[in-house]
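Read the structure below first, then the notes.
Chain naming here is simple, since letters A, B, ... match the order of the sequence lines and numbering starts at 1 in each. Being a predicted model, the structure only gives us computed values, none of them experimental.
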Amino acid sequence: MSGGSQYVVAAYAVIWFLVLAYVVVLGARTARIGRQVEAISRMLDRRDQREEQPDSEPDPEPEPSGDRA
Amino acid sequence: MTEGPARMPGERAAVIWGSIATLLVVVSTIGIFLVAPEDADQGVIQRIFYFHVAIAIASLVAFAVACVAGILYLRTRNDRWDDVGEASIRIGLLFSVLVVITGSIWAKASWGTWWVWSDPRLVTYLIVVLIYAAYFVLRSSAEDDRKMRYSAIYAIAGFASVPLSFYSVRVAESFVHPVVFTSGGANMPGSMLIWFVVSQAAMLALFIALLEVDLVGRRSERALRRLALRLEGT
């Protein structure tokens, strides 16, 4: 590379590396939250079902998987 | 037949803006590197201009959005505007850091030095970055309603630094940092200006897409907190 093109490539690469890193962080956070919401929703559904059928055998309530909020 | 998972509000907007941003980024990249003519004075180095200036303007737009969100929060006390304000400043700060880095690279290539302390544009822009970085220190020092109120006031007050940076070059008549856009128009040929406009549109679309994705995440967090409260109540 000549005539300063390496500087142009470096500037462009820095931009997209940092933007991509930011998108990955956002995506990971959103995915984690989504998993937690679904796990808690399932727990609530099971709880509601048990309340509708009080004579049935209580099953152990699983902990929500994934990270804490 | 089972229903699929419910979509969070804003998911569709995030996908649409993400697609628009991706398309514009691809088109602008092709235009900047393959189509736009080479500058007679600076040569290939001038191509940094297309994304350096576009990101700088997008960062200032992000800070303006945060300022408006701050005003709307103080008027309505709706948490949504606090979310918009914080997300905008977070993205604006990311863009500002990119402006400083790409500017330094351009300075090294063009002037032979990474930073010029005597240039008013560089110094005032750095002040803007530091002011908005302090926003997160403020947020971490307060809780709940006070945090949102202080953040809104800070976002409004902080925006006063943006015109300072914008007009510093014109007021100080710096000869180091070139002024491309003047009251008389753009000091560049139309064949370059068109690719700058495309690049600017790409950066603004990227800002909106990142903002939408961030807001979807925050809404999900709120939904999670509501579910946790429901669990505690049963």
Main-chain N/O of B:Trp114 paired with B:Ser104 side-chain donor or acceptor, under 3.5 Å: yes

If only atom types and distance count, is the side chain of B:Ser88 paired as donor or acceptor with the main-chain N or O of B:Phe63 below 3.5 Å? no

Give, as side chain, backbone, both or neither, the part of B:Thr29 having an atom under 4.5 angstrom from any heavy atom of chain A. both

Go through the atoms of B:Ile91 and report whether side chain, backbone, both or neither lie under 4.5 Å from a heavy atom of chain A. both

Regarding B:Tyr125 and B:Ser96, is there a side-chain donor-to-acceptor distance under 3.5 Å anywhere? yes

If I measure from the heavy atoms of chain A, does B:Leu210 come under 4.5 Å with its side chain, its backbone, both, or neither? both

Can you tell me if B:Gln200 uses its side chain to pair, donor with acceptor, with the backbone of B:Ala54 under 3.5 Å? yes

Treating B:Ser141 as the side-chain partner and B:Leu138 as the backbone partner, does any N or O pair qualify as donor plus acceptor under 3.5 Å? yes

B:Phe136 atom CZ: more than 12 heavy-atom contacts under 6.0 Å: yes

Given heavy-atom pairs under 4.5 angstrom as the criterion, report whether the side chain, backbone, both or neither of B:Ile45 touches chain A. both

Considering only heavy atoms, give the residues of residues 79-87 of chain B separated from chain A by less than 4.5 Å, sorted numerically, with 'none' for an empty result. none

Applying a strict 4.5 Å limit to non-hydrogen atoms, the region of B:Arg225 in contact with chain A is neither

Do B:Tyr135 and B:Ser140 pair up side chain to side chain, a donor and an acceptor below 3.5 Å, judged on atom types alone? no

Please round to the nearest 0.5 Å and tell me the distance separating atom CD1 of B:Ile194 and atom OG of B:Ser199. 11.5 Å

